[in-house]
Number of protein chains: 2
Amino acid sequence: MWLHLWKHAELKRASCREGIYVSHINLHKHSLSSFAHHSSYLDLPLPNQSHLSNSSYPTMPHLRLIRPGRNTPKKYRQAKPPMKILISPSGFKESLGPSEVATCIENGIRRVLPNAAIRKVPLVDGGEGTAMTLTEHTEGELIHLEVTGPVGQKVKSYYGFLGGQSQRTAIVEMAAAAGLHMVPRNARDPTKTTTYGVGELIADALNKGAERVLIGCGDSGTSDGGAGLLQALGARLLDKEGNELPTPANGTTLTKLASMDLTTVHPRLHDIVLEVACNWQNVLLGPNGVARVYGPQKGASPEQVDLLESALDNLATVAHQRLGYEVGMLPGSGASGGMGAGLILLGAHIRPRYEAIMEWFGINDLFEDCQLVFTAEGGIDFQTPNGKIPSDVANRAKAFGIPVIALAGTVGQGADVNYQAGIDAFTSILQAPTTLDKAIAEAERLVTDAAESTMRMVMVGLSLGMGYESIATPKTPSSALSFRDFPISPIAQIS
Amino acid sequence: MWLHLWKHAELKRASCREGIYVSHINLHKHSLSSFAHHSSYLDLPLPNQSHLSNSSYPTMPHLRLIRPGRNTPKKYRQAKPPMKILISPSGFKESLGPSEVATCIENGIRRVLPNAAIRKVPLVDGGEGTAMTLTEHTEGELIHLEVTGPVGQKVKSYYGFLGGQSQRTAIVEMAAAAGLHMVPRNARDPTKTTTYGVGELIADALNKGAERVLIGCGDSGTSDGGAGLLQALGARLLDKEGNELPTPANGTTLTKLASMDLTTVHPRLHDIVLEVACNWQNVLLGPNGVARVYGPQKGASPEQVDLLESALDNLATVAHQRLGYEVGMLPGSGASGGMGAGLILLGAHIRPRYEAIMEWFGINDLFEDCQLVFTAEGGIDFQTPNGKIPSDVANRAKAFGIPVIALAGTVGQGADVNYQAGIDAFTSILQAPTTLDKAIAEAERLVTDAAESTMRMVMVGLSLGMGYESIATPKTPSSALSFRDFPISPIAQIS
């Protein structure tokens, strides 16, 4: 049989002499098996009907491969599964959601490896897109309803019930009812915005039988310490005369808070698990607190920052009275403009966002059967290793020794620290000098093209490994012929 | 010996169980040899003093490799040479010269593979940078002198004598004496510019004993049909009254040309080989001619285009009288604003630019001992396959089956045709939304970073091939132990 193959090889000599690269020449027992295994990597189905095939790799013509046929010994004929790729991107802010990014990356990869075994696990950080993505991922159900928006107007909002859970679990994304994007630019006064709508979402979930409510923080447009949310869930916020604060409460009204009556809250709140996924770094008070750090980002003037600091200090005092401990510096107390503190008053479990959210994606299981990971984020820079999605994905992948490639809208200052943080390679999706707005408008095409380009570079590397391997461990073929018998140039042997 | 290795493997079991990736576990005869060979690819010297080493790959920590030690059988200990990479970029117009681009790419690659065997062959197309690059590449000598610039002013210019040639060979780049960049923006009137300085460069080369003169066309700012060049070399351009045209001649004065006296040209012109490297597509006259296609690019108004067309038609008529054949549609006759036609009158050989120039770089020899090619150009788009440097490099590399990766300042419309033209992967060097000017100012850093990123992706692919190979052809190790005996997760075996 091997002799037979070698005769084929001999037939190809002429073209090789003429400088045409013919990997066929390298046929011997070892390299054939090697090629056979690799050909599945190159996404070529292994046809049984043809003994030798000249078909080139569809889009990378220099990767000409031998495929084993029906005369190939059984152990070499066994088709390996195609390359297993996990796509776990974040969304690109103001552009593509995480699911859209994942689909673009998949499309780009499939231009190179049409049959790759791809799993998409679009990731979210608790902010915009969290409820949608998590509900879709678990094949759950989105609930649409009208609630009070951050500036008091009625807005269309939604939350989700996760699919396939033993407990009826709701995912409430605060940004879907009180996100910064819902605050008109000319109304960006964080002393006036409220989380009332978030409370309405939770109340609806409770009314529909939720046994567990996961609240995603991030991208908030509010700084009311969760006062509005507490009201919407039935709490009575009182001033020093015992009068209820106006509904919906906001940062300004919170300055009058003197005490709180929680006996009137939604009765089901006592039966359920309330979980908050938030940035663990955000605290309620002080120089790193809500007012000082996020107030200006949400449009607060210096005076408004002072007002908010005093309002939230008020809330912390009331909380101290009720709980017996200080909440102002608790991790996550400052999440979503202090809504974390309000939720602590309701007995919620505050959890770091990726830990709380990623367990729903079962991402650790995915790494157990995967060979390459793609991740993505709008921007990659020196801050990425501080808990951004690409670095979290990389950390997890590295525990399994899996290479990670990140695509970014923008590669920013000091981005090379990510090479030490487990991201093996990253690239910007941009193709030409352009504005941010134009890049956002073209993001879909750019992400897809970048994924293709990246996958092509990976395949170039794979082909180097293959070629190298095919001469690295030369074994004497069964027949007396050796590839040294053929007058081919060194490069034809190597590549 | 192998048993000994396996004992080491056993010692590592604990860490593997804890989810830490330890490639050590995969030790068996085959994979060790495979790793040994690959480790040279990964640019790790193979130390003899340590039996097993934990040293990680310096910048890609998940690539933990086994290295063979003094107990390793000799045939597995042999170090393979490091990866052989050819860097053959074009320059980035108005930004980096081809040599600078090559150095940036080298620096980027060396961040990943410090010991890679890199050869740099910066390429030029006859235009800006040609004389400098070719002279440097052959370790020749640059001659600096003052000549007449394109608008008649005195300018500093240069040409080169190539090193290591049996014939004394000069390289004259027309853009160094009459390039568009030497025409002030407010003086861009192609009816007034002259190639007189180019003639002066050639005359100087002849005076210094040149036996062969290669003239690079491209990036010209003139449309004088080489009239100025002819004058500088001693030709007498006469009007119908037999009076000499004013010196230096230009497009406007050429309208008065009636005849030409070449008996007075530099005497050494008869002894030497005059060669022109130009775009084969450029013809002197007609709708695809100098005036109609390039006139407007050089700043001509519609009236000036008509004037130039009639001036060059004049030249063609005189040439016809002298040569007995029509030059107006000859390939290359329109090169550098019709300077090709002027040179034809002097008996020059007109050659396609890459053919004429690349033979000096010996680029075909380089492909015979190389595994990966990097090329680059300012822009890559649907026109690139029409004879631009990256596609020419790719064509040559493909004849040897070598993968080619291209870096580009800008990836333009329809760039994916290049995947069919032999470029396996390309990417833009850009990292963030920006202006062309800013990108140009940062080009050095951007090219270096892009080369690193690209090389990292290639290495990811190579690592996939390695890992796959290490289980693709499992052989029973000499000892009775098999890697199946270890309770490790599938991924730990694969990656």
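Just so it is clear, the values below take in all heavy atoms, side chains as well, and ignore hydrogens, waters and symmetry mates. Each chain gets a letter, A, B and so on, in the order its sequence line appears, and its residues count up from 1.
For B/Arg445, the side chain to side chain donor-acceptor pair (under 3.5 Å) criterion is met by B/Gln431, B/Glu442, B/Asp449, not counting sequence neighbours. With sequence neighbours excluded, no residue forms a ring-ring contact (aromatic ring centres under 6.0 Å, His included) with B/Phe92.
Between A/Ser428 and B/Ala432, the shortest heavy-atom distance links the atoms OG-N, 4.5 Å. Taking every heavy atom of both residues into account, B/Pro433 and A/Leu436 meet most closely at CB-N, 3.6 Å. The nearest pair of heavy atoms linking A/Leu462 to B/Leu464 is CD1-C, 3.9 Å.
Contacts between B/Leu430 and chain A at a heavy-atom distance below 4.5 Å involve backbone atoms as well as side-chain atoms.
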Residues B/Met457, A/Thr427; criterion side-chain contact (heavy atoms from CB on, under 4.5 Å); working and verdict
CA-CA 10 Å; B/Met457 290 174 185; A/Thr427 185; 3.7 Å; yes
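Using a distance-only test at 3.5 Å, with no hydrogens or angles considered, a donor-acceptor pair links the side chain of B/Ser453 to the main chain of A/Phe426.
The choice from A/Val411, A/Ile429, A/Leu372, A/Ile423 that makes the most heavy-atom pairs within less than 4.5 Å of chain B is A/Val411.
Taken from CD in B/Glu452 to OH in A/Tyr419, the straight-line distance is 4.0 Å, to the nearest 0.5 Å.
Between A/Val460 and B/Ile405 there is a side-chain heavy-atom pair separated by less than 4.5 Å.
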